[in-house]
2 protein chains.
Amino acid sequence: MNAPDSRDQITARQMVPVILAIGIWFSPIPEGLTADAWHLFAIFVSAILAVIINAFPLLTSALLAGSAAVLTDTLDPAKAFAGFANPSVLLVVVAFLVAQAVVQCGLGRRISLHVVERFGKSTLGLGYSIFITDALIAPGFPSNTSRGGVLYPIILALAQGSGSVPDDEGRRRLGGFLMFCGMASLSVSSALWLTATSANPIGVSLVAEQGLRVNFGSWLLVASVPALVVIGLLPLMLYRLFPPGVTDTPDAPQAAREALRSMGSLSRDEWITAVVFGSMVCAWILGGAFNLSLTAVAIAGLGTLLATRVLALRDIHEQGGTLATFLWLAVLFALSGQLNEMGFMSYVGERLALLLGDLSWPVAYVVLLLLYVLLHYLFVSQSAQVLALLGVFLDVGVQAGVPVHLMGFALLFASSYFSTLTPQGGSQNIIFAASGYLTQRELYRLGLLTTVFCTLVFLGIGTPWILWVGG
Amino acid sequence: MNAPDSRDQITARQMVPVILAIGIWFSPIPEGLTADAWHLFAIFVSAILAVIINAFPLLTSALLAGSAAVLTDTLDPAKAFAGFANPSVLLVVVAFLVAQAVVQCGLGRRISLHVVERFGKSTLGLGYSIFITDALIAPGFPSNTSRGGVLYPIILALAQGSGSVPDDEGRRRLGGFLMFCGMASLSVSSALWLTATSANPIGVSLVAEQGLRVNFGSWLLVASVPALVVIGLLPLMLYRLFPPGVTDTPDAPQAAREALRSMGSLSRDEWITAVVFGSMVCAWILGGAFNLSLTAVAIAGLGTLLATRVLALRDIHEQGGTLATFLWLAVLFALSGQLNEMGFMSYVGERLALLLGDLSWPVAYVVLLLLYVLLHYLFVSQSAQVLALLGVFLDVGVQAGVPVHLMGFALLFASSYFSTLTPQGGSQNIIFAASGYLTQRELYRLGLLTTVFCTLVFLGIGTPWILWVGG
C-alpha cells in the first residue's frame with residue numbers, strides 16, 4: 001500500500017484515531033449513558049474513523065479496537081468474542097468458501113454463457129444479459145465479491161471478443177459499458193436476494209433487534225418490484241449515459257454457443273455443485289418454515305463439497321482473505337452489537353429524533369434514507385456501514401414515526417444499491433474498476449448517477465410497495 | 001491424496017463412519033443417557049473414526065458432523081457454534097497468525113543461530129542446541145507447527161553444512177539424528193509451556209471443567225522438572241540409539257557466527273517483534289494476577305504487528321490453512337464440550353471406573369496414562385485426541401481416586417510428549433518426517449522409544465514432583 005520507507009514512521013494520520021479515542025474517552029460522559037457505553041463508543045468510532053481516513057486497514061483497526069475494549073475492561077471477553085459464534089458472521093465465512101466451488105467447477109460460467117447465447121446479439125443485450133445472469137445466480141452466492149469473480153472473466157471475454165481494448169479510446173467504451181454493467185448489476189442483485197451479499201444477513205440480524213423479522217422469502221417479495229424495475233431500466237440508462245460506440249454484437253451468441261460446446265456436457269463436479277446449491281437454496285427458502293439454521297445448511301453444503309472433493313483442502317488453504325474477513329467482521333459485529341446493547345444506539349437515536357422531531361414521518365424517512373446513502377462516500381465497505389449506522393438510522397426513523405418495516409427494508413436495500421457510489425464502495429467493485437476500461441472520473445460520475453437512479457426507484461416505487469406487502 | 005479417478009466413487013472406507021453413525025443412532029439408548037446425548041455420541045464418534053481411518057480429512061469430517069448435529073435437532077445452533085467464540089480456540093487461531101511474524105522478520109532464526117554459536121561444536125552439541133533453542137522460543141509460539149517451521153530450515157542448513165544428504169547412506173545419519181531431535185524437541189518443549197502448542201490451552205480449558213485451574217505460571221512450575229530431565233537426557237539417548245556417524249562439527253559455531261554477522265544488527269521488524277513478543281509473554285505470565293484475557297493479549301499483539309506493518313495484510317491472506325484449523329477445531333470443540341455437558345463423558349467415566357474399581361488409585365493412574373498414550377497410535381492430531389479423550393480419562397481417574405491435579409497434569413503433559421509416537425502424530429512432525437533423512441521404520445522405532453522414555457520420566461520423576469508442588 002504505502003512505500004516501504006513510510007513504514008518506519010507512525011504517520012500523523014495514524015495518530016488521528018488514537019487522539020480521537022483518548023479525547024472522547026476522557027471527555028465528560030453525557031448524562032444518560034454508562035461509562036462503559038461511552039468508552040466503547042470512543043473505541044468504536046475511532047476504529048471506524050481509522051478505516052475511513054485510511055490510517056489502518058479494516059482488520060488492523062478491528063483487532064486493535066477489540067483487544068482495547070477487553071484489556072481496558074470496557075467489555076467482557078465473552079461478549080467481545082461472541083461475534084465469532086454469530087450465525088450471520090459464520091454464514092458469510094462459509095458462503096465465501098462455498099462460492100469457490102461454483103467458480104472452480106465452471107458452473108457459474110456455463111450459466112452465464114447460456115444467458116449470453118440468448119440475449120447477447122447487441123451491446124445493450126449484452127448489458128441486459130449481465131444483469132439477468134447476475135440476478136439469477138445471485139441467491140446461490142452470499143458473497144457478491146465471489147460473484148464478481150465469476151462475472152468478471154466473462155465480461156472481459158465479451159469485451160475483448162467485441163474488439164474493445166482499454167488503450168484504444170474509440171474501442172474502449174464498449175468494454176467500459178460492460179464493466180460498469182457488472183458493477184451496477186452486483187449492487188442491484190444484492191438488493192434482490194437476502195443471500196446475495198454478506199452485508200444482508202448482518203443487516204437482517206440488526207433489524208431483528210428492532211423487532212423486524214425478515215426471512216429469505218419475505219425479503220425477495222418486498223425487494224422484487226423495485227429491484228426488477230431497476231434491472232429493467234438501468235442497462236438502458238447506462239447505455240444512454242455512456243454510449244458504448246459499438247451497438248451490435250451479432251457474433252456473441254455464436255461465441256457463447258461455441259464456448260458451451262467446447263465445455264461439453266455438465267461435468268461430475270458441476271452436477272454435484274448444482275445439486276448441492278439447489279439443495280442449499282431450497283433449504284434457505286424453506287428454512288423459516290422448518291426452523292432450519294441457514295448457517296448449518298451452508299456448513300452442510302461446504303462439508304458435502306469437500307467430501308465429494310469438488311472442493312479440495314488446498315482450496316480452503318488459499319482462503320486466508322476469508323479468515324481476515326472473519327476476524328474483522330466478528331470483532332466489529334460484536335462491538336457494534338454491544339454498543340447497541342449498552343443503550344448507545346437508542347441514546348443517539350433519541351437525540352437525532354429530537355432534531356427531526358418537527359418533521360412529519362414521510363419527510364424524516366426521506367431525509368434519513370438520503371443521509372444514509374450519502375454517508376457511503378465515507379465508507380470503504382458495505383458491511384462496515386451496516387454495522388456502524390443501520391441500527392441507529394432505523395432507531396431514529398422508528399422514533400420519528402416511520403413504520404419499522406418501511407424504514408428497515410429501505411435501509412436494508414440501500415445498503416446494497418449504494419455500493420457503486422465510489423469505486424471502493426464495495427470490494428466487488430475493485431476488480432471491475434481495475435480493468436482499465438473506465439477512468440476514475442467516469443467511475444465516480446456513473447457511480448453517482450446509478451446510485452441516484454436506484455434511490456429514486458426505491459423511494460418512488462419501493463416505498464408504496466413496501467407499505468403494501470411488507471407490513 | 002487419492003488418484004483422480006478414485007474421486008468418482010464413494011469408497012467403502014467412506015461408508016464406514018456413515019454406517020457406524022446410523023448404527024449407533026438407531027440402537028437402543030443406554031439407560032442413564034438422554035436421546036440427544038446418545039445421538040451426539042453417534043455423530044461425534046463417527047467423525048473421529050472417519051479421521052482415524054482416513055475416510056475424510058479433519059475439516060470435512062468436522063463440518064459434516066457439526067451440521068448433522070444441528071440439522072437433526074440434536075444440538076441447538078447456538079451451542080454448536082459456540083466453539084468459534086471460545087477463547088482457547090481463538091487463541092490458537094491468533095497465535096498461528098502471530099507466529100508468522102517471528103518467522104518472517106528473522107528473529108527466530110537469529111535466536112537459534114546464537115544458540116548454535118554457543119553449543120554447536122559437536123553433533124551431540126548440535127542436538128542439544130536444537131532442544132535448548134526450541135525450549136527457549138517455545139512460550140512465544142503457541143503453535144508448535146509454526147515453531148517447527150522456524151527450526152526446520154536451520155536444522156536442514158546444519159545437516160547440509162555438515163555434508164549430510166539423504167541419498168548417501170553413510171552421510172545420511174547425521175541429518176537424520178538432527179531431524180529427529182527437532183521432532184522430539186517439539187514434543188517436550190510443548191509439554192514445558194502452556195503456550196507452546198495449540199492443544200495445551202484446549203486441555204487447560206477441559207481440566208478446568210473438573211475444577212483444576214491451571215495458568216501459565218503453575219503449568220511451567222509443574223512441568224519444569226520432568227521436562228528439563230527429558231531435555232537433559234533425550235539428545236544423548238537419541239545419539240546412542242541412532243549414532244549419527246559424524247560426531248564433531250567444529251565449524252558450526254563459526255558458520256553461525258558468520259550467518260549472524262551477515263544478518264547484521266536487529267532490524268526494525270525484529271525489534272518490534274521482540275518487544276511485542278516480550279510484552280505478550282509478560283502479559284501471559286501476569287494474566288492470572290491481573291485477570292487479563294490471554295486471547296485479548298494475543299489479539300492486541302497481532303493488531304500491533306499489523307499496525308506497525310511487521311505483518312502485512314497479504315501475510316494474513318496466505319493463512320487459509322489457519323482458517324481450516326479454526327473451522328474444524330471450533331466445531332469439534334463444541335461437539336466434544338456438548339457431549340460432556342450432556343453427561344456422556346461422566347457416564348462413560350462411571351462405567352470405566354467400575355472396571356477399574358478394584359485397582360488402587362496408583363495402579364489406575366498408571367493404567368490410564370499408558371492407555372491414553374498408546375491410544376495416540378490412532379490419532380492424527382494431538383488436539384483431536386485431547387478433545388475426544390482427555391476429559392473422559394480425567395474423569396475416570398478422579399472417580400478411581402487419583403488426585404485431580406496429578407491425573408490432570410499427567411494427561412496434559414502426555415498430550416504433548418506422545419506426539420512423536422507416529423510420524424503423523426502431530427502436524428509439526430510432517431515437515432521433519434518428509435525431509436528424507438529418516439526411513440519410515442526409523443521414524444516409528446525412534447518415535448516409540450522416545451515416547452516410552454518420556455512416559456517413564458514423567459511417571460517416575462514427574463509423579464512425585466506433581467504431588468509435591470501441584471496440589
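Naming convention: chains lettered A, B, ... in sequence-line order (proteins, then strands); numbering from 1 in each chain.
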Notebook entry, point to check: Considering only heavy atoms, which portion of A:Leu90 lies under 4.5 Å from any heavy atom of chain B: side chain, backbone, both, or neither?
Noted result: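 Just its side chain gets close to chain B.
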Item checked: Proximity breakdown for A:Leu305 and chain B, heavy-atom pairs closer than 4.5 Å -> neither
Notebook entry, point to check: Is there a donor-acceptor pair closer than 3.5 Å between any side-chain N or O of A:Thr273 and the backbone N or O of A:Asp269?
Noted result: yes
Item checked: Donor-acceptor contact below 3.5 Å, side chain B:Gln338 vs main chain B:Leu335 ->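 No; judged by distance alone, with no hydrogens or angles, the pair does not exist.
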Side chain / backbone / both / neither for [X] at chain A, heavy atoms under 4.5 Å:
X: B:Leu311; value: neither
X: B:Val93; value: side chain
X: B:Ala82; value: backbone

Note to self: Just so I understand: if I count every heavy-atom pair under 4.5 Å between each of B:Gly301, B:Ala307, B:Pro87, B:Ala78 and chain A, which residue has the most?
What the structure shows: B:Ala307
With a cut-off of 3.5 Å and sequence neighbours excluded, list every side-chain donor-acceptor pair involving residues 57-72 of chain B.
from	atom 1	to	atom 2	distance (Å)
B:Ser61	OG	B:Ala47	O	2.8
B:Ser67	OG	B:Leu63	O	2.8
B:Ser67	OG	B:Leu64	O	3.3
B:Thr72	OG1	B:Ala68	O	2.6
B:Thr72	OG1	B:Ala69	O	3.4
B:Thr72	OG1	B:Thr74	OG1	2.8

Table please: side-chain donor-acceptor pairs of residues 317-329 of chain A below 3.5 Å, with sequence neighbours left out.
from	atom 1	to	atom 2	distance (Å)
A:Gln319	OE1	A:Thr322	OG1	2.8
A:Thr325	OG1	A:Gly321	O	3.0

Check: Does CH2 belonging to A:Trp271 count more than 12 external heavy atoms closer than 6.0 Å?
Finding: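 For A:Trp271, atom CH2 is not crowded (no more than 12 foreign heavy atoms under 6.0 Å).
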